[in-house]
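Predicted, not measured: the structure shown is a model, and the values here were computed from it. Each ligand, and each atom within it, is numbered from 1 in the order the structure gives. The first residue in the sequence is number 1, and the count goes up from there. Below, each value reflects all heavy atoms present in this structure, side chains not excepted, and no hydrogens, waters or symmetry copies.
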Amino acid sequence: MKHLLSVDDLGGRPGIETILERSRYFLDVTRRDLPKVPALRAKTVVSLFYEDSTRTRLSFETAAKRLSADTMNFSVSTSSVKKGESLLDTVQTIEAMGVDAIVVRHAAAGAPYRIAQWTSASVINAGDGRHEHPTQALLDAFTLQRHRGPSLDGAHIVIVGDIAHSRVARSNVKLLAALGCRLTLVAPPTLMPESLVGWPVEARYDLDDVLREADVVYLLRIQRERIDAGLFPSLREYTARWGLTNERFARLKPDTLVMHPGPMNRGIEIADDVADAPQSLVTEQVANGVAVRMAVLFELLGAGGSVV
Ligand code: NCD
């Protein structure tokens with residue numbers, strides 16, 4: 001694997017399982033007193049984020065540092081992009097510094113594919129438009145495995161919210177389906193993709209109908225900008241019909257797990273108490289993200305070297 005642009009690059013179930021297995025090793029590394037290995041010494045990883053991010057950016061940076069790679073940080077708001085520099089010129093400038101991996105987040109679907117054509121470095125997609133976010137799906141699967149696994153065969157995952165605009169949903173559907181999960185998408189009709197042809201999912205519109213059958217309720221962020229677009233009437237109505245409120249949470253099976261990729265809108269798609277309940281894996285998802293991204297960076301840049 002040279003680039004990780006989509007879940008499709010992972011090589012199906014065996015490839016996914018290899019990364020998840022290696023993530024277990026790296027999770028142990030992150031828990032050591034000295035949470036660092038020299039595996040990527042002398043490699044340089046640059047993050048190129050054209051969209052805001054807290055956890056994904058910090059997570060990749062931490063992962064690279066724990067593998068002893070050098071890191072560079074490119075922030076659009078303080079760069080020559082503000083002076084009108086094109087994506088191609090920016091990539092060529094970064095390339096000229098000599099980098100081994102570029103971690104890209106961009107509002108345009110497909111931007112990481114273009115960058116991969118322009119550079120000899122490995123490119124990792126950290127979220128492109130509404131297309132994909134493969135490392136988020138890997139860390140979600142990894143987190144689930146630690147609670148229900150290692151086998152996720154037959155686990156029923158209910159993904160709720162703005163599916164239409166969600167790269168997290170797209171990557172998760174592909175990856176969790178490859179691991180044998182049963183997937184149900186729940187959304188208002190205006191936030192469901194227009195066509196689900198080829199998606200290995202069942203679509204439902206009423207969250208209450210599926211609550212009792214869920215092994216995992218995976219909530220997506222309600223993107224407030226969608227209200228302006230008239231895709232649903234009000235936040236209050238969204239919460240009333242599709243939010244995981246305390247009342248709905250009480251109707252879940254006692255062992256149902258709750259997940260969210262962050263950033264959360266507390267009180268909208270997820271009630272405050274639900275976000276902090278023992279069944280909520282939200283902070284664990286973040287912690288596991290570092291280990292999973294270490295595994296991905298090692299896979300792309302480690303060239304079969306030793307991990308210790
Ligand atoms: C998501 C993203 O940016 O795609 N967040 C993340 O990476 N953890 C989801 C979102 O912004 O809603």
Side-chain angles (χ1 to χ4, degrees), residues 4-7 23 47-64 73 75-77 102-113 123-144 157 159-176 185-188 191-193 216-229 231-232 235 238-239 242-244 258-270 275 280-294 296-297:
L4 178 54
L5 305 175
S6 154
V7 166
S23 304
S47 38
L48 181 59
F49 276 54
Y50 281 83
E51 247 190 17
D52 297 341
S53 161
T54 309
R55 70 212 79 223
T56 305
R57 181 186 193 124
L58 289 177
S59 180
F60 269 108
E61 233 174 278
T62 308
N73 214 317
S75 171
V76 168
S77 56
I102 305 179
V103 180
V104 186
R105 169 165 290 191
H106 203 287
Y113 289 80
V123 177
I124 303 174
N125 181 0
D128 63 330
R130 55 172 89 170
H131 176 234
E132 279 224 36
H133 193 353
T135 58
Q136 179 70 45
L138 280 167
L139 77 88
D140 290 332
F142 180 71
T143 304
L144 271 179
I157 321 291
I159 304 181
V160 189
D162 186 358
I163 314 280
H165 300 97
S166 177
R167 53 197 176 207
V168 172
R170 273 176 189 72
S171 288
N172 260 308
V173 163
K174 283 186 187 175
L175 195 138
L176 293 172
L185 305 181
V186 181
L191 295 180
M192 195 65 97
V216 177
V217 178
Y218 192 109
L219 301 159
L220 297 170
R221 179 171 68 96
I222 272 303
Q223 305 178 9
R224 290 162 193 252
E225 49 278 23
R226 308 294 168 213
I227 305 173
D228 302 335
L231 291 179
F232 59 92
L235 289 178
Y238 182 87
T239 305
W242 293 281
L244 191 55
V258 176
M259 299 177 79
H260 191 304
M264 290 186 280
N265 294 304
R266 286 174 181 257
I268 299 175
E269 69 265 7
I270 186 166
S280 160
L281 305 183
V282 178
T283 48
E284 206 183 311
Q285 285 170 269
V286 177
N288 290 338
V290 174
V292 166
R293 288 172 175 128
M294 286 172 84
V296 167
L297 286 167

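- The minimum heavy-atom distance linking Ser280 with Ala275 is given by the pair OG-O, 2.8 Å.
- Around ligand 1, the residues contributing at least one heavy atom under 4.0 Å from the ligand are Arg55, Thr56, Arg105, His133, Gln136, Arg167, Val168, Arg221, Pro261, Gly262, Pro263.
- Side-chain contact between Val103 and Arg293 is absent, with no heavy-atom pair separated by less than 4.5 Å.
- Residues Ile222 and Trp242 have side chains not in contact (no heavy-atom distance under 4.5 Å, counting atoms from C-beta outward).
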Problem set entry | Derivation and outcome, side chain to side chain contact (heavy atoms under 4.5 Å, CB included), residues Leu244 and Val160 | CA-CA 9 Å; Leu244 191 55; Val160 189; over 6 Å; no

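- Taking 4.5 Å as the limit, every side-chain heavy atom of Ile163 sits out of range of all side-chain heavy atoms of Val173.
- Arg105 has its side chain out of reach of Phe60: every pair of non-hydrogen atoms, C-beta onward, lies at least 4.5 Å apart.
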